[in-house]
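Comments concern the structure below.
Proteins come first, then strands; the chains are lettered A, B, ... in the order of their sequence lines, and each starts at number 1. The figures here come from the full heavy-atom set of this structure, side chains too, leaving out hydrogens, waters and symmetry mates.
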Amino acid sequence: MCGLRLLTEGIIGHGTWYDKTARGIIERERKLGRGLDLIRTEMGLGASGLPHIGSFGDAARSFAVTLALKDQGFGSELVAFSDDKDGLRKVPAGFPETTREYLGYPVTNIPDPFKCHTSFGEHMSSLLLEALDKSNIQYNFISATRAYKDGLFNDEIKTILSNAKRVGEIVKEEVGQQRYIKTLPYFPICKSCGRIYTTTAHKYLADEEKILYTCKGMEIKGQWLEGCGYTGEADYRKGEGKLSWKSEFAVRWKALDIRFEAYGKDIEDSVRINDRICREILHYEPPQHARYEMFLDKSGKKISKSAGNVLTPQVWLQYGSSRSLILLMLKRFTGTRELSVVDIPQYMNELDELEDVYFGKKTVENKKELAKLTGLFEYCWWLKPPAEPSVHIPYNLLAYLVKVAPRGKETEFTVQKLRESTRKDVELNDNLRQRIDYAINWNNDFTEIKETPIKLSTEERDALRNLVENLQQEVDEEQIQSTIFNIAKKHNIPPRRFFQILYTVLLSSPEGPKMGPYIVAMGRQNVTKTLTRVLKLN
RNA sequence: GGGCCCGUAGCUCAGCAAGGCUAGAGCGGCGGACUCUUAAUCCGUAGGUCGCGGGUUCAAUUCCCGUCGGGCCCGCCA
């Protein structure tokens with residue numbers, strides 16, 4: 001009985017993880033006695049490499065929490081903090097080798113190799129921001145470079161530097177790293193060579209607000225980066241350096257008043273250290289956390305040569321809608337996910353299914369499950385679900401129709417075929433057009449079009465020749481259809497075999513759509529040209 | 001050395017947060033319908049000790065402990 005009660009009464013908000021998390025945050029903040037007018041969530045975005053799909057997930061999930069907080073009646077915003085003052089540690093795949101000379105430089109001080117942004121760092125972070133914008137994720141963007149320059153963290157940096165010894169101890173206690181026992185958790189940018197990771201900060205002059213450093217060099221990703229030997233001083237108030245990650249998070253949390261931040265398990269240690277620094281040195285209760293697992297590229301699956309094997313948000317959005325990508329991120333929070341582009345159609349279809357549940361076209365008995373599924377759908381729409389259901393056509397059907405469509409006429413052909421089949425009422429609106437475009441991209445990139453060589457017997461050659469002649473006169477789809485059939489009979493070829501030949505020649509597949517209409521759609525001239533060429537080869 | 005995830009049908013996975021209905025889907029298999037062929041579509045059908053062992057509970061795929069197998073992250077970078 002108690003279980004039955006839970007089914008109907010135990011649902012928070014829209015029944016999703018995000019609603020539950022939001023409630024947890026609110027309860028925690030109440031206990032802490034902090035204000036609830038603006039509850040900030042934060043995500044960090046890397047600017048030194050191509051945005052991985054995981055960064056998008058970080059954003060989508062944090063934004064969902066932000067929406068859940070608003071939904072429960074509180075002010076909230078998502079801060080997207082770009083780590084664009086970090087130094088470049090390795091040349092990302094696909095980048096010119098000349099990038100190597102900038103190893104160690106803050107990424108906003110490196111020219112954009114593609115020349116479309118003012119710096120390497122801006123180029124990188126804009127890639128993710130574009131994907132966020134396309135997905136209607138709202139955020140308050142803060143650049144690390146800007147924040148340091150504007151002195152946003154000055155008070156907190158001062159506190160950290162004044163308590164550097166304690167910071168070093170905490171780091172040592174948590175992960176055993178001894179580096180910060182001796183050096184300050186701050187990386188000045190070398191005034192001589194311009195690099196940030198080659199410097200070691202050894203003294204803090206509190207009265208002058210300055211940090212003394214030497215450009216000694218450092219090991220990065222197993223490679224020694226030699227310093228230039230310069231010794232100098234940096235003024236942290238002018239952004240002449242940045243904090244180490246092991247203290248910077250804490251500073252951000254306090255300065256920006258962050259109450260929730262999710263993180264990937266790869267930075268778990270850093271988060272734990274920062275929690276302590278935040279609490280023990282900055283005297284600010286750190287934000288509530290949620291740890292998520294990594295996204296892995298499915299290995300062993302050949303994808304496209306052009307797309308490569310890196311699944312970035314940009315790649316996804318070529319073949320699937322932003323909502324399908326959001327669904328991927330929101331539906332499950334835990335568990336390592338192996339992903340590849342071949343999963344995109346599945347999520348496109350799943351979103352349609354969720355829509356059916358939402359509009360009651362598909363019944364779900366269990367109330368808890370119903371709440372969860374409709375809730376998930378609502379979050380995929382950022383809590384502004386559509387008033388009307390949309391056209392649902394399975395992705396693989398569209399991909400198939402596009403594949404067999406005459407080149408350049410994919411959309412028209414597909415719509416026509418759909419109308420001829422069971423979907424007479426189909427209308428070519430933006431939604432359908434977009435879906436067809438995804439299928440076209442999919443088809444272009446993942447369907448290998450190979451010329452299948454075919455051997456023809458004498459009768460088969462004659463039959464083909466006969467067909468070519470007939471195609472000069474026949475115009476009507478149905479007539480062409482029966483002509484093909486008649487020619488096959490006339491030349492003593494089983495119709496099945498004759499059709500197979502035609503499909504192989506025209507489509508590189510032993511099967512296909514109804515031939516007559518297809519030939520008309522493709523253009524009789526094109527067909528005769530192709531057939532004639534094949535006849536010459538035989 | 002420290003931490004985490006996964007194990008459910010032949011394959012790929014969903015479900016587990018907040019225990020409760022006959023454990024689902026796609027693909028594949030098998031059978032059929034339709035058809036001047038073929039694709040698509042539709043119908044039916046087989047297939048599961050929910051890795052294993054214990055515990056909590058009226059009730060465990062779901063929670064807890066242990067165990068085996070596969071994988072991931074961190075280890076003096078950020």
Quantified in whole Å, what is the [atom1] atom distance between nucleotide [N] and nucleotide [M]?
N: B:G51; M: B:C5; atom1: C1'; result: 15 Å
N: B:U41; M: B:C11; atom1: C1'; result: 24 Å
N: B:U61; M: B:C52; atom1: C1'; result: 14 Å
N: B:G44; M: B:G26; atom1: P; result: 12 Å
N: B:G75; M: B:A23; atom1: P; result: 46 Å
N: B:G31; M: B:G24; atom1: P; result: 25 Å
N: B:A9; M: B:G28; atom1: C1'; result: 11 Å
N: B:C27; M: B:A40; atom1: P; result: 10 Å

When we call it a touch if two heavy atoms are under 4.0 Å apart, what does [X] touch: a base, just sugar-phosphate, or nothing?
X: A:S48; value: nothing
X: A:G264; value: nothing
X: A:G46; value: nothing
X: A:Q178; value: base
X: A:K172; value: nothing

Quiz prompt | Centroid-centroid under 6.0 Å between A:H202 and A:Y213 rings | solution = no
Quiz prompt | Output field: ring centroids A:Y102/A:F120 closer than 6.0 Å | solution = no
Practice problem: Please state whether the phosphate of B:A78, meaning OP1 or OP2, lies under 4.0 angstrom from any side-chain nitrogen or oxygen of A:Y180. | Solution: yes
Rounding to a whole Å, what distance do you find between [X]:[atom1] and [N]:[atom2]?
X: A:R291; N: B:G3; atom1: CZ; atom2: P; result: 12 Å
X: A:Y263; N: B:C74; atom1: OH; atom2: C1'; result: 12 Å
X: A:E173; N: B:C76; atom1: CD; atom2: P; result: 19 Å
X: A:I267; N: B:A78; atom1: CD1; atom2: C1'; result: 10 Å
X: A:N274; N: B:C74; atom1: CG; atom2: C1'; result: 15 Å
X: A:L354; N: B:G24; atom1: CG; atom2: C1'; result: 15 Å
X: A:W224; N: B:C76; atom1: CH2; atom2: P; result: 14 Å
X: A:D269; N: B:C73; atom1: CG; atom2: C1'; result: 9 Å

Quiz item: Could A:R61 and A:Y292 be counted as a cation-pi pair, given that NZ or CZ must be under 6.0 Å from the ring centre and within 45° of the axis?
Solution: yes
Quiz item: Between A:Q177 and A:D266, which is nearer to the 5' end of RNA chain B once each is assigned its nearest nucleotide?
Solution: A:D266
Practice problem: Hey, which sits more toward the 5' end of RNA chain B by its nearest nucleotide, A:K20 or A:D86? | Solution: A:K20
Self-check item: Sidechain N-carboxylate O distance under 4.0 Å for A:R435, A:D352
Solution: yes
Quiz prompt | Pairing nucleotide - B:A25, Watson-Crick or G-U, each distance under 3.5 Å | solution = B:U12
Quiz item: For B:C63, which nucleotide is its Watson-Crick or G-U wobble mate, given both distances must be under 3.5 Å?
Solution: B:G55
Self-check item: Donor-acceptor side-chain pairing of A:E248 and A:Y148 below 3.5 angstrom
Solution: yes
Exercise. Using only heavy-atom distances, decide whether a donor-acceptor pair under 3.5 angstrom links the side-chain of A:K265 to the base of B:C72.
Key: yes
Practice problem: Hey, can you tell me if A:H14 and A:Y379 have their rings parallel, tilted or perpendicular (30° and 60° cut-offs)? | Solution: perpendicular
Self-check item: Member of A:I267, A:I277, A:D275 meeting the side chain to side chain contact (heavy atoms under 4.5 Å, CB included) criterion with A:F249
Solution: A:I267
